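Just so we're on the same page: letters track the sequence lines, and every chain starts at 1. Quick caveat: nothing in here was measured; it's all calculated off a predicted structure.
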Amino acid sequence: MKPLTSTKITSFQKKIFKWWEANRRVFPWRETTEPYAILVSELMLQQTQAPRVVEKFNQFVEVFPDLESLAKAQKFEILQLWSGLGYNRRAIWLQEAAQMIIERKEFPNTPEELQKMKGIGKYSAHSILIFAFNYDLATVDTNIRRILVAEKFAEEKTSERDLWEIAKKLVPKGRSRDWHNALMDYGSIELTVAKTGIKPLTKQGKFKGSDREYRGKILKLLLESKKITINQMITVLNLQEVKLESILQKMVKENLIKKKGKYYSV
DNA sequence: GTCCCGTTAC
DNA sequence: GTAACGGGAC
């Protein structure tokens, strides 16, 4: 590992910014620093590649331009706009976050405050403050971890805690917004997993045949049909009743859907 | 550690 | 067809 001398840090910063001048990507959430829009983009970007988010983000902020409009929106409309992004609970959490922020009357300006909201973990909390306010913070996702390892600032076995500490030292003061945008681009274009062989820490389970797959299908059905009985779902999805019931129960508990009499709806 | 999605790449 | 991709809650 490279010792973190100020010379090393400065030369790495210069290298990244130099590369970025010629290779920066354009995304709609980079055209704004409005905290609300940044919040929306960060929730959308969790576990979802940026190119897939672009159109969804544009539609979402057009229909719900601010915290107020999202806070009072119908869940049906939110989930419809979210449809196709996956991990639909994020949409619920996003609206809950909007409602909490409205209630407290000001946008949170510390990672701790942001992390009190469901759906916002350490990475997102720091990212939101960096991209909205340009605070001198660092953030570490799988992309940035891969850069730190590939550039020998860390090793594959380096702990989460140490990765964050190293990342913090590399941030150029007063330029954290540009810095993290540059790093994201550099990591996803120049230092791909395929090129570096540095893999994410965890693997996802199989999707086919999983509850995850059925939850997606169930929500899609409900967004198309407004309301539907469990027997209709059994027919359409070709799924065992006991299995379906346990999935539906969890979705109700997560506030994704509701049950009125024998009908399920969003 | 296990559960949350849908699209793109092979 | 199947694997790869990408943060957070519990």
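For a distance-only test at 3.5 Å, the side chain of Gln115(A) fails to qualify as a donor-acceptor partner of the base of dG8(C). In terms of polar N and O atoms assigned as donor or acceptor, the side chain of Gln47(A) never comes within less than 3.5 Å of the base of dC5(C) in a complementary pairing.
One interatomic measurement links the two molecules: NZ of Lys118(A) to C1' of dC4(B), which rounds to 13 Å at whole-angstrom precision. For the pair Ile92(A) CD1 and dG8(C) C1', the computed distance is 15 Å after rounding to whole Å. Atom pair Gln249(A):CD and dC4(B):C1' shows a separation of 17 Å (rounding to whole Å applied). Rounded to whole Å, the distance from CG on Asn255(A) to P on dA9(C) is 16 Å. Look at CG on Leu223(A): it is 10 Å from P on dG6(B), rounded to the nearest Å. Computed from coordinates, the Gln49(A) CD to dC5(C) P distance equals 9 Å when rounded to whole Å. One atom, CG of Leu94(A), and another, C1' of dG7(C), lie 15 Å apart when rounded to the nearest Å. We find that NZ of Lys208(A) is positioned 21 Å from P of dC5(C), with the value rounded to whole Å.
Dashed line: the shortest gap from a side-chain N or O of Ser124(A) to OP1 or OP2 of dG8(C) is under 4.0 Å. Distances shown here put every side-chain N or O of Arg89(A) at or beyond 4.0 Å from the OP1 or OP2 atom of dG8(C). Dashed line: the shortest gap from a side-chain N or O of Lys217(A) to OP1 or OP2 of dG6(B) is not under 4.0 Å.
Residue Leu223(A) holds its CG atom at 5.5 Å from CD of Gln80(A), rounded to the nearest 0.5 Å.
Asp141(A) comes within contact range of the sugar-phosphate backbone alone, with a heavy-atom separation under 4.0 Å but no base atom that close. Using a 4.0 Å heavy-atom cutoff across all strands shown, Leu219(A) reaches no nucleic acid atom at all. Residue Lys250(A) is classed as a sugar-phosphate contact, given heavy-atom separations below 4.0 Å to backbone atoms only. The residue Thr142(A) sits close only to the backbone: its heavy atoms come under 4.0 Å of sugar-phosphate atoms, none of a base. When heavy atoms are screened at a 4.0 angstrom cut-off, Tyr87(A) is found touching base atoms of the nucleic acid. At the heavy-atom level, Arg215(A) lies under 4.0 Å from the strands shown only through sugar-phosphate atoms. Note on Met44(A): nothing from the nucleic acid sits closer than 4.0 angstrom, heavy atoms only.
Nearest to the side-chain atoms of Lys206(A) among the listed nucleotides dC5(B), dG7(C), dA3(C) stands dA3(C). Of all nucleotides listed (dG7(C), dC5(C), dC5(B)), dG7(C) comes nearest to the side chain of Gln46(A). Comparing dC5(B), dG6(C), dA9(C) by their closest approach to the side chain of Trp93(A) singles out dA9(C). Listed candidates were dA9(C), dG7(C), dC5(C). Nearest to the side chain of Gln204(A) is dG7(C). Taking the side chain of Arg212(A) as heavy atoms from C-beta on, and the options dC5(C), dG6(B), dC5(B), the nearest nucleotide is dC5(B).
Side-chain atoms of Thr229(A) and Gln232(A) form a donor-acceptor pair, as typed in the model, at a separation below 3.5 Å. A side-chain N or O of Arg25(A) and one of Ser188(A) form a donor-acceptor pair less than 3.5 Å apart.
Between Phe153(A) and Phe12(A), the ring center distance clears the sub-6.0 Å criterion.
Ranked by how close their nearest DNA chain C nucleotide is to the 5' end, Ala125(A) and Ala194(A) are led by Ala194(A).
The existence of a salt bridge linking Lys168(A) and Glu165(A) is excluded, since no basic side-chain nitrogen approaches an acidic carboxylate oxygen closer than 4.0 Å. Glu112(A) has no carboxylate O lying under 4.0 Å from a charged side-chain N of Lys116(A), or vice versa, which leaves the two without a salt bridge.
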